[in-house]
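Here's the structure, in structure tokens; my notes come after.
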Amino acid sequence: MANKQKLVVIGNGMVGHNLIEKLVDSGAAQNYEITVFCEESRLAYDRVHLSEFFAGKSADDLALTTGEFYQQQGIRVLVGCAATAINREQKTIVAEAGEEVAYDLLVLATGSYPFVPPMPGHDRARCLVYRTIDDLEALTEAAKNSKVGAVVGGGLLGLEAAKAVKDLGLETHVIEFAPRLMAVQVDDGGSAILRSKIEALGVQVHTGKNTTEIVDGESAFHRMNFADGGHLETDLVLFSAGIRPQDTLARACGLELGERGGIVINNQCQTSDPAIYAIGECALWNGRIFGLVAPGYQMAGVAAAHLAGKSAQFTGADMSTKLKLMGVDVASIGDAHGNVEGSRSYVYSDEVAEVYKKVVVDESGDKLLGAVLVGDAKEYGTLLQYMLNEIQLPEHPDDLILPQRDGGAAVGLGPDMLPETAMICSCHDVTKGDIVTAIDDGATDIGALKSCTKASTGCGGCAALLKSLLDSELDKRGLEVNTDICEHFAYTRQDLYGLVRVGQLKTFAELLEKHGTGTGCELCKPAIGSILASCWNDYVLQKSLVGLQDTNDRYLANMQKDGTYSVVPRVPGGEITPDKLIVLGQVAKEFDLYTKITGGQRVDLFGARMDQLPAIWSKLIDAGFETGHAYGKSLRTVKSCVGSTWCRYGVDDSAGLAVELEHRYKGLRSPHKIKFGVSGCTRECAEAQSKDIGIIATEKGWNLYVCGNGGMRPRHGDLFATDLDKATLIEYIDRVLMFYVSSADKLQRTSVWMENLEGGLDYLRSVVIDDRLGINAELEQQMGLVIDSYACEWKAAVEDPESLKRFRHFVNSDKGDSNVVFVREREQIRPALEEEKPVTESA
Amino acid sequence: MIRFTKENNMPTSQPPTQQWVDICAIDDLTPEAGCGALLGDEQVALFYLPNQPEQLFAISNYDPLGEANVLARGIVGNIGEQLVVASPLYKQHFDLRTGACLEEAEVTVRCYSARIEAGRVELSG
């Protein structure tokens, strides 16, 4: 251990942490004794999505790592501790607390700081910056006593900050020195459309304004005076006018810097002292600072490779970007302004739909040099590939941006035209070659590709490209993926769902006769049973349907390893009266059932023989219980915290909403089970973000999360919409669930469905919120039918002599199964092991 | 293993000593599904597939892989030419005509003879 080299990393932002991850992934971390300085009070978090902090995300949601990760890797991390000096001769770092830390190799990942124009008054109270979570908290605090907020800076960061100010409920102004918004990335035409769209959202834009001073206001806290004689009264000022490299430590220890700051690095990311590397926004390569995260990750990759004794080079990075600013798609590629000599552009502008698109091509018209997209950026992926790979443009380059009408085929870029080295996902550095290798190794669907290559799990901008690449590669291998549900139906589950709906088919026999072959099997029967139930909600144990039901549905209980069942009555929202709780105890005692509390806030009674189920349920129904559908691919539970009725911190009545939602959706049969959670405040005691549908109370309504999952493959739900009133919330849930029911694969949970949904969260939003497919009325009507036709299956079963006959273990005897034997353990029953059973018969 | 002919639902090679035991009425069975039956002290899984020539199928109810009497509660269907039931426990398939497990070559469950006589279901060991 003593002979390990000492590696010190100063900075634990996105890039600093990415370096550590890469060192761990490659195994190189084990060769070093690593110390990390983390000046902020939090470990690395996602700064790119900082503005989501105001749309309901918490600091934990944004976190990229945990203390446990560092601990497990044996990496010492000094949280809340700044490095104050580097002593290059002794090779030591002086920590804020006075401690000296020795290094053999040092990486500076100190990032950048917000540029604050040095105008008089810039340091007044309520003059803030926007970079860290601490900044956001200060902003939130200042906003409480403010009505008006002004953001200085109309670039990418400034507009992000403006969104935050607007989300805080303030009248929002953007002040930009240049004559247009996003002056670096977007041209005049694009900027005009962008401005119009942003103003339509209620943000006031002031361009060409040079703020000369900030003084006491009359109607507000500040007054900003402008060089043109005008002024603006505002309660807070947020500076977001660009970044400056954080090079103070490097400057003090004499490393070479650029004229305007930035630590000079070579292609290996080494500074003028070969023992010291610099990566990310503090580094200056070839006279340039790279203020985006992707190039920072590339530098981290180069430094990590070098530290592992491998060779790698940083040779610049593409600064093309695509983002959504206040709901407006904006993309900029390469030479957006047509600065290259001889370049020419094609422009398409639609002032009605507020869409602006421009492509810049070289003199010969062969290669794409740049592009600007505002209002609609769906061509981003294609255009970017054209530029990066210098692909020959089509005869009419404007076809790439002109809208397609009258069924004309879109001019796309076939994935076949891309070279192996083409970057598909720049967030995670995944090339076409990487994807092809992964497909060769057996990842043949989008979900699998995402989990093994990480492609399309960052910004998601490459999702469509990834899908078309996958399709084309599978096609090439003649490996058409067979998505048929089984040998009896040459259809996917979605196809069958459509056939059932359109043909108004009510039985398996009809479907088999019209569209299938053979007799069916344990794959198609339950899937079709589920589809029929989703569509028509008929009693699942009627004669024509009972044979379709999976074991658990067929006996309306959950089969256990010994062939006995467990019984779970519904306890909506986990709320239960003492009387009902007593009945559960009495029934469990009478039938001697093993009793356990479930994770879904109800009670599970185990060890019921099939022939006992009707008697057990008669008693439960008499006491007012209904079936809990614990056996079904259907709504299970709506878990809740106690909410504002009792809790000191509760913001809204989560338990009440949970009860209402559980009653609304109980009995909905779906491709897989569905779980809900409702939390009464952001402490999230109901763990709603790990549910298919998660709801969290806010001061202004309810935040809706969708497609979360616990269990084997945990997935945090995606924040779908914020601050909803109850009516809208329920409308959205109706649509999301019914859209899931109509389009998911067999036994596909919502989490996997979302991962495979082309266009992902944005697409789902456009369907559910903007009614992109024009199906919302239909979805609501379909959900209405399911809700209106709800009936407790167990009530129907105990009242129907035909159904009751099927619960006998023997058609010709009232005896029970003699092979079911229990022994007692911890005062309750459990199934006997084979050796514990009496040796009487051969079974 | 007894084969039935299409025409009369009768065994083609009935041993002279075969004892038929009355079980239940055909109306007691659910089409396209199974149920348990007691033959002496043996647990039998009885399946009623009215669209098949044989109509009735009977194998042991005991799933030797899951070690429980559950095969009657499985879903029935076909895999290629074979009529099968999928065990509700771990989903292995058992051939309704031979008792052979499709996934585990060395596992077979016992088969029984079954017939319909004047609207009554009869079993024989």
Side-chain angles (χ1 to χ4, degrees), chain A residues 486-488 507-509 512 517-526 529 541-555 558-565 609-611 802-803 805-820 831 833-834 837 840-843, chain B residues 21-49 51-52 60-64 66-93 96 110 120-123:
Chain A
C486 67
E487 66 176 86
H488 305 105
T507 65
F508 180 78
L512 189 67
T517 165
T519 63
C521 66
E522 84 284 1
L523 299 176
C524 58
K525 282 182 172 179
L541 296 191
Q542 62 176 262
K543 215 163 191 172
S544 65
L545 300 176
V546 66
L548 307 181
Q549 309 304 331
D550 232 328
T551 317
N552 289 350
D553 280 284
R554 184 159 157 205
Y555 296 98
N558 294 50
M559 183 183 272
Q560 304 300 320
K561 60 192 286 188
D562 62 346
T564 65
Y565 289 88
R609 293 195 321 261
M610 179 166 69
D611 53 287
E802 275 299 309
S803 298
K805 277 200 323 202
R806 298 194 202 105
F807 286 92
R808 299 172 74 193
H809 190 68
F810 300 112
V811 66
N812 58 338
S813 166
D814 287 332
K815 288 185 186 166
D817 182 357
S818 57
N819 190 44
V820 170
L833 304 171
E834 280 306 309
K837 289 182 184 173
T840 49
E841 57 192 305
S842 61
Chain B
V21 177
D22 179 77
I23 299 295
C24 61
I26 189 71
D27 292 346
D28 291 335
L29 302 184
T30 305
E32 308 299 332
C35 68
L38 201 55
L39 182 66
D41 59 359
E42 291 178 37
Q43 296 201 24
V44 178
L46 183 59
F47 299 93
Y48 179 39
L49 307 180
N51 296 325
Q52 297 300 319
S60 168
N61 195 21
Y62 188 74
D63 171 1
E67 300 183 336
N69 289 303
V70 294
L71 291 183
R73 290 176 255 168
I75 290 181
V76 288
N78 73 293
I79 294 184
E81 293 299 305
Q82 288 171 290
L83 282 179
V84 293
V85 60
S87 168
L89 282 172
Y90 302 112
K91 314 296 177 195
Q92 293 93 351
H93 298 89
L96 293 181
R110 181 165 174 195
R120 299 292 297 176
V121 175
E122 295 181 352
L123 277 180

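Residue numbering restarts at 1 for every chain, and letters A, B, ... go by the order of the sequence lines.
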Practice task
Measure the spacing between CD of Glu522(A) and NZ of Lys91(B) and express it to the nearest 0.5 Å.
Solution key: 7.5 Å
Practice task
Check whether Asn61(B) gets within reach of chain A through its side chain, its backbone, both or neither, counting any heavy atom under 4.5 Å.
Solution key: side chain
Problem - Heavy-atom contact with chain A under 4.5 Å, split by part of Ile79(B) - result: both
Exercise for the section: Go through Ala33(B), Ala68(B), Pro88(B) and name the one with the most non-hydrogen pairs under 4.5 angstrom from chain A. Expected result: Pro88(B)
Handout entry: Engaged part of Arg808(A) at the chain B interface, taking heavy atoms whose separation is under 4.5 Å
Key = neither
Practice task
Mark yes or no for whether Lys561(A), through its side chain, and Glu67(B), through its backbone, hold a donor-acceptor pair below 3.5 Å.
Solution key: no
Handout entry: Interatomic distance, Asn812(A) atom CG to Leu123(B) atom CG [nearest 0.5 angstrom]
Key = 8.0 Å
Exercise for the section: Work out which heavy atom in Lys805(A) is nearest to a heavy atom in Asp27(B); give both atom names and the distance. Expected result: NZ-O, 4.0 Å
Practice task
Under 4.5 Å heavy-atom distance to chain B, tell me which part of Glu802(A) shows up: side chain, backbone, both or neither.
Solution key: neither
Exercise for the section: Drop me the distance from Leu89(B)'s CG to Thr551(A)'s OG1, to the nearest 0.5 angstrom. Expected result: 7.5 Å
Practice task
Answer with side chain, backbone, both or neither: which region of Leu523(A) has an atom nearer than 4.5 Å to a non-hydrogen atom of chain B?
Solution key: neither
Fill in the blank from the handout: Rounded to the nearest 0.5 Å, the CG atom of Leu39(B) sits from the CZ atom of Phe810(A) at a distance of 11.0 Å
Exercise for the section: Please indicate whether Glu81(B) has more than 12 foreign heavy atoms, meaning atoms of other residues, nucleotides or ligands, lying under 6.0 Å from its CD. Expected result: no
Completion exercise
Taken in chain and number order and not counting sequence neighbours, the residues that satisfy side-chain hydrogen bond (donor to acceptor under 3.5 Å, both in side chains) with Thr519(A) are Asn78(B)
Exercise for the section: Look up atom OG1 in Thr30(B) and atom NZ in Lys543(A), then write down how far apart they are to the nearest 0.5 Å. Expected result: 6.0 Å
Completion exercise
Okay, Tyr555(A) and chain B: the region with an atom under 4.5 Å from a heavy atom over there is side chain
Exercise for the section: For Glu487(A), check side-chain hydrogen bond (donor to acceptor under 3.5 Å, both in side chains) against everything at least two apart and list the hits. Expected result: none
Handout entry: Leu548(A) side chain near Glu32(B) side chain, heavy-atom distance below 4.5 Å
Key = no
Exercise for the section: Give a yes or no on whether a salt bridge exists between Lys815(A) and Asp41(B), defined as a side-chain N under 4.0 angstrom from a carboxylate O. Expected result: no
Exercise for the section: Work out which heavy atom in Arg73(B) is nearest to a heavy atom in Arg554(A); give both atom names and the distance. Expected result: O-NH1, 3.6 Å
Handout entry: Side chain / backbone / both / neither for Asp550(A) at chain B, heavy atoms under 4.5 Å
Key = both
Exercise for the section: Heavy-atom distances under 4.5 Å only: say whether Asp817(A) touches chain B with side chain, backbone, both or neither. Expected result: both
Practice task
Among Leu38(B), Val121(B), Ile23(B), find the residue that satisfies the side chain to side chain contact (heavy atoms under 4.5 Å, CB included) test when tested with Val811(A).
Solution key: Ile23(B)
Exercise for the section: Could you tell me which non-hydrogen atom of Gln43(B) sits nearest to which non-hydrogen atom of Ser818(A), and how far apart they are? Expected result: NE2-N, 3.9 Å
Problem - Heavy-atom check, side chain of Cys35(B) versus side chain of Arg806(A), under 4.5 Å - result: no
Practice task
Of all the heavy-atom pairs spanning Val70(B) and Gly563(A), show the shortest one and how long it is.
Solution key: CG1-CA, 3.7 Å
Practice task
May I ask you to name which of Gly36(B), Gly74(B), Cys24(B) has the most heavy-atom pairs under 4.5 Å with chain A?
Solution key: Gly36(B)
Completion exercise
Bottom line for Ala37(B): the part with an atom under 4.5 Å from chain A's heavy atoms is both
